[in-house]
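Throughout, protein chains are lettered first and strands after them, A, B, ... in sequence-line order, and every chain is numbered starting at 1.
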Amino acid sequence: MHLVVLEGEDRLRKISYEVIGAALALGEDVAAVAVGKDAGKLAAEASQLGVSQVLTVDGPEVTSYAPRAWVRAVQAAVTATGATLVLLGATSQGKEVAARLAGRLKAGLAADVTAISKDDGGWVYRRPVYAGKAFAEVRLTSPVGIATLRPNAFSAAKPAASAASIEALAVSFEPGDTDGHSTGYEVGAGGQVELTEAEIIVSGGRGLKGPENFHLIEELAKELGAAVGASRAVVDAGWRPHAEQVGQTGKTVSPALYIACGISGAVQHMAGMSSSKLIVAINKDPEAPIFQAADYGVVGDASEVLPAMTEAVRQLRA
Amino acid sequence: MQILVLVKQVPDTATRIKIDADGKDIQRDGLTWVLNPYDEYAVEEALLLKELHGGTVTVLTLGPAKADEALRSALAMGADEAVRVDGQPADALQAGWALAQAAKALAPDLILCGKQAVDDDQAEVGVLVAEFLNLPQVTVAVSLSVDPAAHSGQAKREVEGGVQQIAFSLPAVVTAQKGLNEPRYPSLPGIMKAKRKEITVQAADLGIAAGVELVRLTPPAPRKAGTLLKDLPGADAGRELIRLLHEDAKAI
Ligand SMILES: Cc1cc2nc3c(=O)[nH]c(=O)nc-3n(C[C@H](O)[C@H](O)[C@H](O)COP(=O)(O)OP(=O)(O)OC[C@H]3O[C@@H](n4cnc5c(N)ncnc54)[C@H](O)[C@@H]3O)c2cc1C
Ligand SMILES: Nc1ncnc2c1ncn2[C@@H]1O[C@H](COP(=O)(O)O)[C@@H](O)[C@H]1O
């Protein structure tokens with residue numbers, strides 16, 4: 001049995017569809033666990049996706065997010081299902097729950113996995129290391145293994161013919177489980193589409209010359225239904241909010257299409273976007289490192305290329 | 001306040017990585033080694049908290065003798081004491097375990113570390129230390145304040161779409177993200193003092209089974225050469241690019 005830890009508020013996040021999809025692709029029965037005040041809603045949604053069982057954990061200890069309480073709940077679900085592999089999204093929540101669970105179960109953890117394959121020795125998890133300049137292929141050797149999966153790297157689960165049973169799981173929390181809990185939330189200044197979930201991202205860097213020119217990025221993004229991203233240089237300069245930063249200190253993204261405009265392609269930027277399926281670069285310097293990663297490139301001035309792209313997409317959509 | 005900072009020596013992100021012929025490790029010679037950049041934020045935060053509340057800042061690393069350089073970088077920034085646990089962990093579990101055992105002996109009020117080490121990029125070890133010591137945790141912190149008298153702290157952490165506020169009690173483990181502060185540059189006297197400073201070395205307790213086995217390291221798959229549009233007027237190139245993305249790549 002494999003166990004998927006669900007994530008979402010009100011609705012299941014896209015990453016949970018992907019983690020269920022990846023778990024089902026491993027060919028064993030899959031159980032899922034939803035924790036928190038919206039556990040019921042998340043479980044109902046997940047029960048339609050081909051899993052064989054969904055567990056919910058609710059109660060005062062998990063009304064607001066607390067990593068230790070979440071770990072206690074997932075630990076109980078591992079015991080209840082006898083799962084030998086626990087899969088989570090490599091999200092801000094999934095990463096810390098997974099790491100803590102690894103300590104609790106003395107389990108091996110493969111973090112930020114982008115592919116899973118099988119060889120004679122069993123499952124092999126592929127994960128980027130050294131800021132994406134190499135990949136480590138690892139095996140999990142502990143009785144229970146844990147992996148976090150990079151968003152947009154695995155195919156989402158599809159609605160199944162029959163629905164799984166949903167069952168509430170009683171968990172005995174311990175003092176301290178809610179120590180380190182969320183007391184509030186400030187909504188970021190990011191755009192409408194969450195970067196890590198976006199299918200298309202249009203990113204701008206210092207080559208845009210100033211914050212006043214980012215409307216060129218925003219207009220193309222709007223026409224494409226894309227999210228807006230940024231390099232650290234323009235975030236540090238205060239041109240764009242930190243929520244838009246792509247890279248090692250920002251977000252790791254894997255969209256179907258990543259369009260980098262006026263971005264040189266520093267290692268730390270590439271660490272956040274090199275697993276994108278298709279990379280497009282617009283840069284006036286033909287020697288810019290970003291072109292080495294690009295499937296399509298334009299050597300040119302962003303202020304001329306971008307408006308023509310926006311207009312061409314508009315015509316395409318008309 | 002006793003503040004402990006976990007620091008790791010890593011290859012500078014900008015250096016080229018070459019993989020050994022057997023695929024089990026990288027070629028370690030000829031690399032530029034640095035204090036993990038996220039650990040710099042952790043050291044800086046420790047120094048700021050010490051300036052505010054008093055106390056001592058101890059830096060702790062697990063690694064070979066060469067890792068003393070990372071400790072010296074932290075000492076040069078202003079850390080008071082440095083400890084190296086000598087050993088070669090096979091995976092994060094062993095690293096977290098060994099660091100937790102060493103940390104326990106120091107009985108800190110706060111443990112700071114980086115959000116991730118930029119070599120293995122796991123974002124795991126700090127949280128493991130928190131679990132093994134049964135302490136609360138805050139990861140990817142972008143702001144932190146503590147009240148040592150009340151044994152409590154508040155932090156903000158970066159999450160998708162915003163910032164989460166966290167309340168916790170001390171002692172705790174906090175992992176540092178960019179934005180927490182601006183690390184200071186070591187002063188010349190600081191560097192001189194750090195050179196002479198005694199580093200305490202002790203053997204690592206690796207008494208836990210590893211859970212991850214490396215099969216091999218591989219370079220990223222080579223991308224096939226892209227299509228480059230140059231020497232076209234900007235507007236023509238833009239139109240042509242969209243045509244290619246639509247008709248060739250079927251991406252839009
Ligand atoms: C620890 C650490 C973490 C980091 N994390 C991140 C991170 O998360 N994300 C990140 O992005 N960076 C990160 N960086 C910074 C990174 O090293 C680079 O400094 C940064 O990515 C550069 O941003 P840029 O490409 O916008 O600017 P530049 O490197 O200045 O590049 C600007 C580009 O624009 C081109 N250009 C100029 N004018 C035009 C024009 N008119 N039209 C088209 N192109 C033009 C130039 O040819 C150039 O290639 C990190 C660095 C460190 C040390
Ligand atoms: N060998 C080590 N010695 C000291 N601290 C470490 C070591 N490995 C990891 N850490 C700490 O744990 C953080 C996360 O590392 P990682 O889980 O490897 O990405 C780092 O930023 C360090 O603060």
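Between the A/S276 side chain and the A/L257 main chain, no donor and acceptor come within less than 3.5 Å of each other. In terms of modelled atom types and a separation under 3.5 Å, the side chain of A/T141 and the main chain of B/G211 share a donor-acceptor contact. A donor-acceptor contact shorter than 3.5 Å is absent between the side chain of A/N152 and the backbone of A/V253. Remark: side-chain polar atoms of A/K251 are paired, donor with acceptor, to backbone N or O of A/A243 under 3.5 angstrom. Within the 3.5 Å criterion, the main-chain N or O of B/L214 finds a donor-acceptor partner in the side chain of B/K24. A donor-acceptor contact shorter than 3.5 Å links the side chain of B/D91 to the backbone of B/Q94.
Heavy atoms of A/A102 lying under 4.5 Å from chain B belong to its backbone as well as its side chain. Heavy-atom distances place no part of B/A209 under 4.5 Å from chain A, backbone and side chain included. Residue contact with chain B, scored on non-hydrogen atoms closer than 4.5 Å, involves the backbone and the side chain of A/L109 alike. Neither the backbone nor the side chain of A/D301 comes within less than 4.5 Å of any heavy atom in chain B. Looking at A/V280, only its side chain comes within 4.5 Å of chain B, counting heavy atoms on both sides. Heavy atoms of A/V267 lying under 4.5 Å from chain B belong exclusively to its side chain. For a residue to count as touching a neighbouring chain, one of its non-hydrogen atoms must lie under 4.5 Å from one of that chain's; by this rule A/I282 touches chain B with the side chain only. Of the atoms belonging to A/S182, heavy atoms from both backbone and side chain fall under 4.5 Å from chain B. With a 4.5 Å cut-off on non-hydrogen atoms, A/A312 touches chain B through its backbone and its side chain both. Contacts between A/Y65 and chain B at a heavy-atom distance below 4.5 Å involve the side chain alone, from C-beta outward. Residue A/D295 touches chain B through both its backbone and its side chain, counting heavy-atom pairs closer than 4.5 Å. Contacts between A/L224 and chain B at a heavy-atom distance below 4.5 Å involve the side chain alone, from C-beta outward. A/K277 touches chain B through its backbone: at least one of N, CA, C or O sits under 4.5 Å from a heavy atom, while the side chain does not. Neither the backbone nor the side chain of A/S64 comes within contact range of chain B; no heavy atoms are under 4.5 Å apart. Using a 4.5 Å cut-off between heavy atoms, B/L217 touches chain A through backbone and side chain atoms alike. Within the 4.5 angstrom heavy-atom criterion, no atom of A/P143 approaches chain B.
In terms of heavy-atom pairs under 4.5 Å with chain A, the best-connected choice from B/G162, B/G179, B/G226, B/G96 is B/G162. Of the listed residues A/F135, A/Y130, A/F291, the one with more heavy-atom pairs under 4.5 angstrom with chain B than any other is A/Y130. Note: B/A167 leads B/A235, B/A14, B/A167, B/P11 in heavy-atom pairs under 4.5 Å with chain A. Of the listed residues (B/V142, B/L232, B/N134), the greatest number of heavy-atom pairs within a distance under 4.5 Å of chain A belongs to B/N134. Ranked by heavy-atom pairs under 4.5 Å with chain B, the list A/Q93, A/K95, A/Q268, A/R127 is led by A/R127. Note: A/D179 leads A/V305, A/D179, A/D119, A/T196 in heavy-atom pairs under 4.5 Å with chain B. Ranking B/E213, B/E160, B/E240 against chain A, the residue ahead of the rest is B/E160, based on heavy-atom pairs under 4.5 Å. Annotation: maximal heavy-atom pairing with chain B below 4.5 Å, among A/A107, A/P307, A/G300, occurs at A/A107. Interface summary for chain B: among A/Q315, A/M309, A/E311, A/E304, the most heavy-atom pairs under 4.5 angstrom belong to A/M309. Ranked by non-hydrogen atom pairs under 4.5 Å with chain A, the options B/D120, B/V129, B/I166, B/V10 are led by B/I166. Heavy-atom pairs under 4.5 Å with chain A peak, among B/K115, B/Q177, B/R157, B/K156, at B/R157.
Counting only N and O atoms by type, the side chains of A/R150 and A/S275 include a donor and acceptor under 3.5 Å apart. A donor-acceptor pair shorter than 3.5 Å can be found between the side chains of B/Q137 and A/R100. B/Q165 and A/E186 share a donor-acceptor pair across their side chains, judged by distance under 3.5 Å alone. A/E96 and B/T139 share a side-chain donor-acceptor pair at under 3.5 Å. Using modelled atom types, one finds a donor on one side chain and an acceptor on the other under 3.5 Å when comparing A/E7 with A/T91.
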Using salt bridge (charged side-chain N to carboxylate O under 4.0 Å, His left out), reason through A/E174 and A/R72 one step at a time and then give a plain yes or no.
CA-CA 8 Å; A/E174 287 185 14; A/R72 184 78 61 198; 3.5 Å; yes
Mind running salt bridge (charged side-chain N to carboxylate O under 4.0 Å, His left out) on A/E199 and A/K14 for me, showing each step along the way?
CA-CA 11 Å; A/E199 281 294 311; A/K14 183 165 169 248; 3.5 Å; yes
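Of all heavy-atom pairs between B/A95 and B/P89, the closest is N-CB, 3.6 Å.
Residues from residues 243-252 of chain B that place a non-hydrogen atom less than 4.5 Å from a non-hydrogen atom of chain A comprise B/L244, B/L245, B/H246, B/D248, B/A249, B/A251, B/I252, given in numerical order.
With B/Q116 as the fixed residue, the side chain to side chain donor-acceptor pair (under 3.5 Å) test singles out one of B/D39, B/N36, B/D121: B/D121.
Proximity of A/V71 to A/R68: side-chain heavy atoms (C-beta onward) are nowhere separated by under 4.5 Å.
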